[in-house]
**Student:** 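Below is one structure. I have some questions about it.
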Number of protein chains: 2
Amino acid sequence: MKEGTAADCCSAPDTAVDLRPIEGREADEELAALAKAIGHPARVQILRLLVRRTACVCGDIVDELPLAQSTVSQHLKVLKDAGLIRGEVDGPRVCYCLEPRVLRRLRALVAGL
Amino acid sequence: MKEGTAADCCSAPDTAVDLRPIEGREADEELAALAKAIGHPARVQILRLLVRRTACVCGDIVDELPLAQSTVSQHLKVLKDAGLIRGEVDGPRVCYCLEPRVLRRLRALVAGL
DNA sequence: CTCTTTCATCGTAAAACTGCGATAATCTCC
DNA sequence: GGAGATTATCGCAGTTTTACGATGAAAGAG
């Protein structure tokens, strides 16, 4: 029950192009919000786990971090509220997946600095 | 006394290449710290002013933001502590300049996500 | 030297963040 | 139905952030 538990959950091709402006007041606030979301080592670590698809289920993520389950759950919520990840319920478990669109948007905003 | 007040302060060619790893625990903390620094709209706005070289002197930056002088000064300190900007004393004024190396590093870290 | 300008720093208050244990909610299995 | 597993949420401390006005410190003007 360890391998491939939910390896095939989040599967969105997602090749859409984001045409929103890369600067201006709205872009500033968007960048600030996204940056704030990844402004904590634990959340960066979670993002990397999801990118590598090393972990996906909440419990596995908890096992990878030196934090209590409730704390990890909160960090996941921050990332979800920022739109960077998405949680899909899989029975009693929850599989968290990247939201590639938003991650690309973040990259574009930072690159546009 | 408005045009070109300190347009030619920070002038570093700076073409050095950063060879530090883009992932791992240290990179995670570095990315988190940098992201946290730009995790506020006012600081994003300040960064943009410096990129565009629209403003440079502290007072001009204060004029561009809807915040008190002391608050802007604090935001400048956050950016400076993160290494993203540098302050050069120019008489009674202080000219803030980007630290292109660190900005590039941030871009690389985000791109490496 | 004194006054003004410019900026940083100091307090302070309100809000937000971080972490945890305890508890609730939901699903599966029996 | 109940028991166990998994995750979210609540409540609580301690810390940090954000904002401001007031005060200091440093440089230039007179």
**Student:** How many Å lie between CD1 on B:Ile46 and C1' on D:dT18, as a whole number?
**Tutor:**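 Distance, rounded to whole Å: 13 Å.
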**Student:** Return yes when the gap between the SG atoms of B:Cys56 and B:Cys97 is under 2.5 Å; return no otherwise.
**Tutor:**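 No, because the SG atoms of B:Cys56 and B:Cys97 are not under 2.5 Å apart, which misses the disulfide cut-off.
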**Student:** Kindly point out which of D:dG21, C:dC7, C:dG19 is positioned nearest to the side chain of B:Val94?
**Tutor:**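 Nearest listed nucleotide: C:dC7.
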**Student:** Among the candidates D:dC20, D:dT16, C:dC7, find the nucleotide nearest to the side-chain atoms of B:Lys36.
**Tutor:**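 Closest of the options to the side chain of B:Lys36: D:dT16.
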**Student:** C:dC7 C1' sits how many Å from B:Ile85 CD1, rounded?
**Tutor:**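 About 13 Å, once rounded to whole Å.
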**Student:** Would A:Arg48 and B:Asp28 pass as an ion pair if we require N to O under 4.0 Å?
**Tutor:**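 Salt bridge present between A:Arg48 and B:Asp28.
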**Student:** Counting side-chain heavy atoms from C-beta on, which of D:dT6, D:dA8, C:dT6 comes nearest to A:Arg93?
**Tutor:**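 Comparing D:dT6, D:dA8, C:dT6 against the side chain of A:Arg93, the answer is D:dT6.
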**Student:** Categorize A:Leu76 for me: base, sugar-phosphate, or nothing, with a 4.0 angstrom heavy-atom threshold over every strand shown.
**Tutor:**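 It contacts nothing in the nucleic acid.
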**Student:** Starting at the 5' end of DNA chain C and moving along, which residue's nearest nucleotide shows up first, A:Val89 or B:Gln69?
**Tutor:**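 By nearest-heavy-atom nucleotide position, the 5'-most residue is B:Gln69.
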**Student:** Choosing from C:dC7, C:dG19, C:dT9, which nucleotide comes nearest the side chain of B:Lys77?
**Tutor:**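 So the nucleotide nearest the side chain must be C:dT9.
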**Student:** Counting only side-chain heavy atoms from C-beta out, which of D:dC20, D:dT18, C:dT6 sits nearest to B:His40?
**Tutor:**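 The answer is D:dT18.
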**Student:** Look at the side-chain N and O atoms of B:His75 and state whether any lies under 4.0 Å from the OP1 or OP2 oxygen of D:dT17.
**Tutor:**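 No, outside the criterion.
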**Student:** Please figure out whether B:Lys80 or A:Arg43 has its closest DNA chain C nucleotide nearer the 5' end.
**Tutor:**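 Comparing both residues, the 5'-ward one is B:Lys80.
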**Student:** Between D:dA8 and A:Gln74, counting only base atoms on the nucleotide and side-chain atoms on the residue, is there a donor-acceptor pair under 3.5 Å?
**Tutor:**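 Under the 3.5 Å cut-off, the side chain and the base do not form any donor-acceptor pair.
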**Student:** Given B:His75, which of B:Arg43, B:Lys80, B:Gln45 fulfils the side-chain hydrogen bond (donor to acceptor under 3.5 Å, both in side chains) condition?
**Tutor:**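 Answer after filtering B:Arg43, B:Lys80, B:Gln45: B:Arg43.
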**Student:** From the list C:dT9, D:dT7, C:dG21, which nucleotide is the closest neighbour of the side chain of B:Ser70?
**Tutor:**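 The nucleotide sitting nearest to the side chain is C:dT9.
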**Student:** To the nearest Å, how far apart are B:Asp63 CG and C:dT5 P?
**Tutor:**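 It is 14 Å, rounded to the nearest whole Å.
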**Student:** For A:Arg101, look at atom CZ and say whether over 12 heavy atoms of other residues, nucleotides or ligands are found less than 6.0 Å away.
**Tutor:**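 Atom CZ in A:Arg101 is not crowded, with 12 or fewer foreign heavy atoms closer than 6.0 Å.
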**Student:** In whole angstroms, how far is the P atom of C:dT18 from the CD atom of A:Gln45?
**Tutor:**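 Roughly 15 Å, once rounded to whole Å.
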**Student:** Below the 4.0 Å mark, does C:dC7 have OP1 or OP2 next to a side-chain nitrogen or oxygen of B:Ser73?
**Tutor:**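 Answer no for this pair, as no side-chain N or O of B:Ser73 is under 4.0 Å from OP1 or OP2.
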**Student:** Salt-bridge test for B:Glu26 and B:Arg20: reply yes if a basic N is under 4.0 Å from a carboxylate O, no otherwise.
**Tutor:**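 Looking at B:Glu26 and B:Arg20, the cut-off is not met.
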**Student:** Take atom CG of A:Leu65 and atom P of C:dG19, then tell me their distance rounded to the nearest Å.
**Tutor:**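 Checked: the CG to P distance equals 10 Å.
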**Student:** Checking contacts here: which listed nucleotide (C:dT18, C:dC20, D:dT18) is nearest the side-chain heavy atoms of A:Leu67?
**Tutor:**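 My answer, after comparing the listed nucleotides, is C:dC20.
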